[in-house]
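Down below is the structure, laid out as structure tokens.
Quick note on labels: first sequence line is chain A, next is B, and so on, each numbered from 1.
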Amino acid sequence: MPDSTPSLEKPVRVRFAPSPTGYLHVGGARTALFNWLFARHTGGTLILRIEDTDFERSSEEMVEGILVGMRWLGLNWDEGPFYQSKRLDLYKATAQKIIDAGHAYACFCTKEELEQRRAQATAAGRPPMYDRRCRKIAKEEAERRVAAGESAAIRFAVPEGGSTSFDDAVFGKVEFANAEIEDFVLLRSDGIPTYHLSVVADDIDMRLTHIIRGADHISNTPKQVLQYRALGAKLPVFAHVPLILGPDKTRLSKRHGATSVISYKQLGIVPEAFRNFLSLLGWTPGNVKDADGKDREIFSSDELVKLFSLGGISKSNAVFDNDKLAWFNTEYIRAYPAELLMPLIEEEWKQAEFTPTRSETEIHQAIELLKPRARNLKDFAIAFRAYFSDEFEIDPAAAAKFLTSDVPVLLKELSARYAAVTEFTEASTEAVLRGFAEEKGLKAGVLINGARVVLTGQGVAPSLFAVMIALGQQRVVARLAAKLA
RNA sequence: GGCGCUAUCGUCUAGGGGUUAGGACGUGAGAUUCUCAAUCUUAAAACACGGGUUCGAUUCCCGUUAGCGCUACCA
């Protein structure tokens with residue numbers, strides 16, 4: 001679908017507007033990513049706005065968590081963060097404008113009364129909508145009561161008939177009968193705006209051209225459209241993004257395990273891998289083929305920016321697939337040269353309080369060797385310790401499987417042979433081991449597997465002789481003998 | 001319940017009035033042998049259902065079903 005709207009000619013201005021009532025979760029991250037991609041693609045501006053008008057549930061700590069998540073994903077913003085809690089005057093003024101235009105009124109019903117009526121309506125099988133009783137109060141009387149100090153909320157006066165519609169960039173035309181829209185609250189009786197008012201006031205004030213957000217906001221949109229009209233403001237382009245579901249096809253939530261973006265960092269995921277994975281959840285670049293004619297899935301950040309378009313966003317919800325994420329992650333680990341992996345791995349070492357004792361060259365060499373077998377960044381700080389330091393533990397399961405009977409004794413003997421080798425290469429180390437095995441009338445595999453465990457602490461490793469070279473002659477000799485000592 | 005949205009392999013998706021409906025992840029089988037969580041080869045696997053429109057629908061339209069979302073003085 002072409003983004004055929006006049007506002008496209010203006011510089012694009014979009015926003016990510018999280019509510020700091022929790023950490024940055026994957027759904028929010030994807031919304032942020034799409035906004036970022038769209039802003040960068042169009043050369044527009046991304047604004048970060050913190051929707052903290054729910055004082056009860058918002059906290060500064062959560063704001064920090066959200067920023068950390070965005071930085072981890074490499075999503076930078078151009079303006080903000082703006083806090084709605086600091087913009088209360090704007091919302092009051094906006095509400096006043098709507099009142100002056102005759103599209104809003106004071107409501108004196110208390111929260112308790114409303115709840116009671118709602119319960120009654122539901123019980124009677126009636127739709128639990130506000131019955132608009134305060135709309136009938138004469139303006140003068142309402143003003144008098146407010147002046148007298150009676151507390152009142154401000155409600156929007158939704159037109160009695162007709163319908164309200166908008167053209168969604170992903171869903172097309174969406175229409176709601178006005179009869180289905182209740183007279184929603186704009187300003188609470190304590191003067192704090194509701195979401196409905198603050199989004200519109202800010203989106204207009206910040207001159208946003210496109211609103212890219214979760215599809216859970218579709219049914220809120222007509223309420224916002226009505227306000228734009230009441231204020232005489234031009235409508236932005238709405239683009240609602242389908243939701244991300246858990247494996248059980250319900251909306252992704254804490255129940256599904258890792259849900260905050262930062263927990264993926266803790267799982268050892270490469271941020272670019274996560275971003276690549278996320279970008280393909282609910283969006284597709286279309287038919288982009290690889291050299292071998294297959295659909296491409298791995299895209300760099302720049303490619304994503306180049307390819308992104310609102311038209312590629314799909315209409316149906318997508319299930320978050322951990323297996324696929326894991327695949328992206330291993331692809332990225334393999335594709336990254338050691339220099340690019342280093343900072344990420346060093347971060348893991350720090351977390352694990354592990355200090356490598358080998359030279360940078362040796363470390364890089366080991367990383368290259370290990371990459372194909374790494375599932376995540378944590379492997380470099382846990383399973384692969386033996387390559388970076390002499391402080392490592394031997395996996396008991398691997399020892400039980402391969403260090404059987406007299407294997408340790410044989411390894412010690414083998415150690416002596418290696419000590420005598422003058423040219424320590426993959427070919428020579430292999431020849432020595434195989435010759436030794438033959439002498440002893442053993443299958444080489446028995447010694448190879450045993451040596452692997454003693455050398456790496458693991459039952460799984462790259463080719464043994466490549467490992468030996470990465471470790472160096474001295475270490476190989478020492479470790480082979482150490483098990484028996 | 002009401003309103004809205006959606007519907008291609010288990011999952012992410014490509015495609016689109018006539019195709020052997022393509023790819024990826026995952027899964028199965030085989031190969032390799034020095035371990036596997038590496039690598040290679042290979043297989044199974046989808047147009048939700050019912051009506052139209054049409055020479056012809058997976059594709060367009062309508063309905064059904066299912067799923068999801070919204071239904072607060074939360075965002």
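Separating the C1' atom of B:C47 from that of B:G18 is a span of 16 Å, rounded to the nearest Å. B:A14 and B:G22 are spaced 15 Å apart, taking the P atom of each and rounding to whole Å. Straight-line distance between the P atoms of B:C74 and B:C3: roughly 26 Å, to the nearest whole Å. Between B:G23 and B:A45, the two P atoms lie 14 Å apart (nearest whole Å). Across B:U53 and B:U59, the matching C1' atoms stand 13 Å from one another, rounded to whole Å.
Counting non-hydrogen atoms under 4.0 angstrom, A:Ala461 reaches a base of the nucleic acid. As judged by a 4.0 angstrom heavy-atom cut-off over every strand, A:Ser314 is placed among residues touching the sugar-phosphate backbone only. Heavy atoms of A:Phe465 sit under 4.0 angstrom from at least one base atom. Within 4.0 Å of A:Thr250, counting heavy atoms only, lie sugar-phosphate atoms of the nucleic acid but no base atom. When heavy atoms are screened at a 4.0 angstrom cut-off, A:Gly282 is found touching the sugar-phosphate backbone but no base atom. Within 4.0 Å of A:Thr21, counting heavy atoms only, lies no atom of the nucleic acid at all. As judged by a 4.0 angstrom heavy-atom cut-off over every strand, A:Leu243 is placed among residues touching the sugar-phosphate backbone only. No contact: A:Glu56 has no heavy atom under 4.0 Å from any strand. Residue contacts shown for A:Val460 include a base, since a base heavy atom lies under 4.0 Å away. Using a 4.0 Å heavy-atom cutoff across all strands shown, A:Ser189 reaches at least one base atom of the nucleic acid. When heavy atoms are screened at a 4.0 angstrom cut-off, A:Cys109 is found touching base atoms of the nucleic acid. Residue-level contact check: A:Leu114 touches the bases, meaning some heavy atom is under 4.0 Å from a base atom. Nucleic acid contact class of A:His217 (heavy atoms, under 4.0 Å, all strands): base.
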- Heavy-atom protein contacts under 4.0 Å, nucleotides 44-49 of chain B, coded B base, S sugar-phosphate only, - none: ------

- Task: Give the B/S/- string for nucleotides 1-9 of chain B, one per nucleotide from 5' to 3', where a protein heavy atom under 4.0 Å of the base yields B, of only the sugar-phosphate yields S, and otherwise -.
- Result: -SSSSSS--

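Pair check for B:A44 finds none; no Watson-Crick or G-U wobble contact set falls under 3.5 Å. Pair assignment for B:C55 gives B:G18, based on Watson-Crick or G-U wobble hydrogen-bonding distances that are each under 3.5 Å. Of all nucleotides present, only B:C62 satisfies the Watson-Crick or G-U wobble test against B:G50, with each distance under 3.5 Å. Of all nucleotides present, only B:U39 satisfies the Watson-Crick or G-U wobble test against B:A31, with each distance under 3.5 Å. Figure legend. B:G10 is base-paired to B:C25; pairs are counted as Watson-Crick or G-U wobble with both atom distances under 3.5 Å. Summarising the base pairing, B:G4 is matched to B:C68 through a Watson-Crick or G-U wobble pair whose two defining distances lie under 3.5 Å.
Here A:Glu182 does not pair with A:Arg155 in a salt bridge; the nearest charged N to carboxylate O distance is not below 4.0 Å. Using a 4.0 Å cut-off between charged nitrogen and carboxylate oxygen, A:Asp52 and A:Arg57 do not count as a salt-bridge pair. One finds no salt bridge joining A:Lys294 and A:Asp290 here, because no Lys/Arg side-chain nitrogen approaches an Asp/Glu carboxylate oxygen to under 4.0 Å. Residues A:Asp183 and A:Arg132 are paired through a salt bridge, judged by an N-O separation under 4.0 Å between the basic side chain and the carboxylate. Using a cutoff of 4.0 Å between basic side-chain nitrogens and carboxylate oxygens, A:Glu439 and A:Arg417 are scored as salt-bridged. Checked for salt-bridge contact, A:Arg434 and A:Glu430 meet the test: a charged N lies under 4.0 Å from a carboxylate O.
A side-chain N or O of A:Asp202 and one of A:Gln84 form a donor-acceptor pair less than 3.5 Å apart. Side-chain atoms of A:Tyr195 and A:Asp54 include no donor-acceptor pair closer than 3.5 Å. A donor-acceptor contact closer than 3.5 angstrom is absent between the side chains of A:Arg452 and A:Ser463. For the 3.5 Å distance criterion, the side chains of A:His210 and A:Asn35 fail to qualify, holding no donor opposite an acceptor.
Using a 4.0 Å cut-off, no side-chain N or O of A:Arg373 falls inside it from OP1 or OP2 of B:U39. Distances shown here put every side-chain N or O of A:Arg117 at or beyond 4.0 Å from the OP1 or OP2 atom of B:C73. Phosphate contact (OP1/OP2 of B:A38, side-chain N/O of A:Ser463, threshold under 4.0 Å): absent. Contact annotation: A:Arg188 side-chain N/O to B:A72 OP1/OP2 distance is not under 4.0 Å. Proximity of A:Arg213 to the phosphate of B:C70: no side-chain N or O atom is located under 4.0 Å from OP1 or OP2. Proximity of A:Lys249 to the phosphate of B:U11: a side-chain N or O atom is located under 4.0 Å from OP1 or OP2. Residue A:Thr53 places none of its side-chain N or O atoms closer than 4.0 Å to OP1 or OP2 of B:C74. Regarding contacts with the backbone of B:A75, every side-chain N or O of A:Arg49 stays at 4.0 angstrom or more from both OP1 and OP2.
Of all nucleotides listed (B:C25, B:G22, B:C34), B:C25 comes nearest to the side chain of A:Asp321. Taking the side chain of A:Arg155 as heavy atoms from C-beta on, and the options B:C73, B:C12, B:C70, the nearest nucleotide is B:C73. When distances are taken from the side chain of A:Glu297 to each of B:A38, B:C68, B:G23, the shortest belongs to B:G23.
RNA chain B is contacted by both A:Leu325 and A:Asp190; A:Leu325 maps to the nucleotide lying nearer its 5′ end (nearest heavy atom per residue). Residue order along RNA chain B, read from the 5' end via each residue's closest nucleotide, puts A:Arg296 first among A:Arg296 and A:Pro18.
Rounded to an integer number of Å, the gap from CG of A:Asn287 to P of B:G23 is 12 Å. The CZ atom of A:Arg452 sits 7 Å away from the P atom of B:U35 (whole-angstrom rounding). A:Asn449 places its CG atom 14 Å from the P atom of B:U33, with the value rounded to the nearest Å. Rounding to whole angstrom units, CG of residue A:Asp379 and C1' of B:C36 are separated by 13 Å. As rounded to whole Å, 15 Å separates atom C1' of B:C40 from atom CG of A:Asp292. Separating the CZ atom of A:Phe320 from the P atom of B:G26 is a distance of 15 Å, rounded to the nearest angstrom. What separates CZ of A:Phe184 from P of B:C70 is a distance of 17 Å, to the nearest Å. Summarising the geometry, the separation between CZ on A:Phe156 and C1' on B:C73 is reported as 17 Å, rounded to the nearest angstrom.
Evaluation of atom-type donor-acceptor distances gives no pair under 3.5 Å for the side chain of A:Asp52 against the base of B:A75. A donor-acceptor contact under 3.5 angstrom links the side-chain atoms of A:Arg57 to the base of B:C74.
Within the cation-pi definition used here (under 6.0 Å to the ring centroid, within 45° of the axis), A:Arg30 qualifies as a partner of A:Phe34.
Atom NZ of A:Lys86 has 12 or fewer neighbouring heavy atoms from other residues, nucleotides or ligands inside a 6.0 Å radius. Around the CD atom of A:Glu393, the shell of radius 6.0 Å holds no more than 12 heavy atoms that belong to other residues, nucleotides or ligands.
Here A:Arg49 pairs with A:Glu51, A:Asp203 under the side-chain hydrogen bond (donor to acceptor under 3.5 Å, both in side chains) rule; sequence neighbours left out.
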